[in-house]
Amino acid sequence: MAVERPWVLPNDVKRYTSHKEVSERSDEKLAFDIARAEMKIIHITNNKFAGYDEIPEPVKMAVILVAEAYAKNDIEAAKKKIKSESFDDYSYTVEAGTISLDSLDLEELLAEYIITDGIGKTVMRLRIL
C-alpha cells in the first residue's frame with residue numbers, strides 16, 4: 001500500500017521555518033515547493049516509499065528542510081540583492097541569503113531509506129585501442 005502525497009503540508013513547513021518570508025508564503029506556492037522537495041527525496045533515495053503505510057519521520061523532516069530551502073531560494077531570487085558594489089574607495093557587499101541543499105546533510109538523514117539497486121539499464125560501450 002503506497003502512501004499518498006503530499007507527505008507534508010504547507011503548515012508543517014510554516015511551523016518549522018525561522019524565515020519570516022517563508023512563513024508568509026502562500027499555501028499554493030509552498031505546496032509546489034513541497035512537491036519539488038518530495039521528488040528530490042525520491043531521487044536521492046531511489047525510493048518511492050510504495051511499501052510504507054506511513055512516511056517515516058526522518059523522510060518528513062528531509063522534505064520539510066528541502067521545501068523550506070526551495071521556498072527561501074525562490075524568495076531570494078525574486079529580491080535580486082546586490083552582491084557587491086564599489087565606488088572610489090567605498091565598497092559594499094551583501095551576502096546571498098540562499099540555502100544550499102548540500103548544507104542540509106540529506107544523505108545522513110535519509111541513509112536508512114536509500115535503495116542502492118539500480119534500474120537495470122546500464123549500457124557499456126567498448127572499443128579496440
Side-chain angles (χ1 to χ4, degrees):
M1 179 168 188
V3 180
E4 290 186 25
R5 293 177 56 199
W7 298 336
V8 298
L9 300 173
N11 282 337
D12 297 329
V13 177
K14 288 180 180 182
R15 275 195 304 270
Y16 170 77
T17 189
S18 60
H19 302 287
K20 184 179 178 192
E21 300 93 352
V22 174
S23 63
E24 293 173 349
R25 193 165 168 88
S26 72
D27 286 352
E28 293 80 18
K29 288 185 178 182
L30 277 176
F32 186 78
D33 297 328
I34 290 168
R36 288 179 59 208
E38 289 173 351
M39 293 305 295
K40 184 69 171 178
I41 299 306
I42 290 169
H43 177 74
I44 290 171
T45 60
N46 195 27
N47 187 348
K48 293 184 180 182
F49 299 93
Y52 289 80
D53 293 331
E54 186 176 322
I55 292 296
E57 282 303 312
V59 176
K60 286 183 180 180
M61 289 188 319
V63 170
I64 291 171
L65 288 170
V66 174
E68 178 195 30
Y70 283 153
K72 176 71 172 153
N73 293 347
D74 188 48
I75 292 165
E76 291 300 322
K79 288 181 182 178
K80 296 183 181 177
K81 289 185 177 181
I82 298 172
K83 291 186 181 175
S84 67
E85 176 181 51
S86 60
F87 181 74
D88 290 335
D89 62 344
Y90 173 77
S91 68
Y92 179 74
T93 303
V94 176
E95 185 167 332
T98 60
I99 300 172
S100 168
L101 292 183
D102 293 335
S103 69
L104 299 178
D105 297 327
L106 295 174
E107 285 78 15
E108 290 83 0
L109 189 60
L110 299 169
E112 185 177 336
Y113 308 101
I114 294 175
I115 297 174
T116 56
D117 295 339
I119 57 175
K121 294 185 179 182
T122 303
V123 175
M124 187 174 185
R125 296 184 182 169
L126 301 174
R127 64 184 177 104
I128 298 173
L129 297 176

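The shortest side-chain heavy-atom distance between H19 and I99 falls under the 4.5 Å cut-off. V3 places none of its side-chain heavy atoms less than 4.5 Å from the side chain of F49. Between L110 and I44 there is a side-chain heavy-atom pair separated by less than 4.5 Å. V63 has its side chain out of reach of R5: every pair of non-hydrogen atoms, C-beta onward, lies at least 4.5 Å apart. Proximity of Y16 to L65: side-chain heavy atoms (C-beta onward) are separated by under 4.5 Å at one or more points. With contacts defined as side-chain heavy-atom distances shorter than 4.5 Å, the pair R36/V66 does not qualify.
Under a hydrophobic clustering in which Ile, Leu, Val, Met, Phe, Trp and Tyr are joined whenever their side-chain heavy atoms come within less than 4.5 Å, directly or via other members, M39 and I34 fall into the same cluster. In terms of hydrophobic clustering, with Ile, Leu, Val, Met, Phe, Trp and Tyr side chains grouped at heavy-atom distances under 4.5 Å, I55 and L9 are assigned to different clusters.
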Which is it for V13 and D33 under the side-chain contact (heavy atoms from CB on, under 4.5 Å) test, yes or no, and what are the steps along the way?
CA-CA 10 Å; V13 177; D33 297 328; over 6 Å; no
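For CD of E54, the number of neighbouring non-hydrogen atoms (other residues, nucleotides, ligands) closer than 6.0 Å is 12 at most. Within 6.0 Å of atom CD in E112, 12 or fewer heavy atoms from other residues, nucleotides or ligands are found, so the atom counts as exposed in its surroundings. F32 CZ: 12 or fewer foreign heavy atoms inside a 6.0 Å radius.
Between the side chain of T17 and the main chain of K14, no donor-acceptor pair closer than 3.5 Å is present. Without hydrogens or angle criteria, E38 side chain to W7 main chain gives a donor-acceptor distance under 3.5 Å.
Of the candidates I64, T45, I41, V8, I41 is the only one forming a side chain to side chain contact (heavy atoms under 4.5 Å, CB included) with V59.
Nearest heavy atom pair, residue I115 against residue N47, reads CD1-CG, 3.5 Å. Heavy-atom minimum distance, A31 versus P10: N-CG, 4.2 Å.
Between K60 and D12 there is no salt bridge, since none of the side-chain N atoms of the basic residue sits less than 4.0 Å from a carboxylate O of the acidic one. Note on K72 versus E76: salt bridge recorded, some NZ/NE/NH1/NH2 to OD/OE distance being below 4.0 Å. Salt-bridge annotation for R25 and D74: present, with a side-chain N of the basic residue lying under 4.0 Å from a carboxylate O of the acidic one.
Rounding to the nearest 0.5 angstrom, the gap separating the NZ atom in K20 from the CD1 atom in I75 is 12.0 Å.
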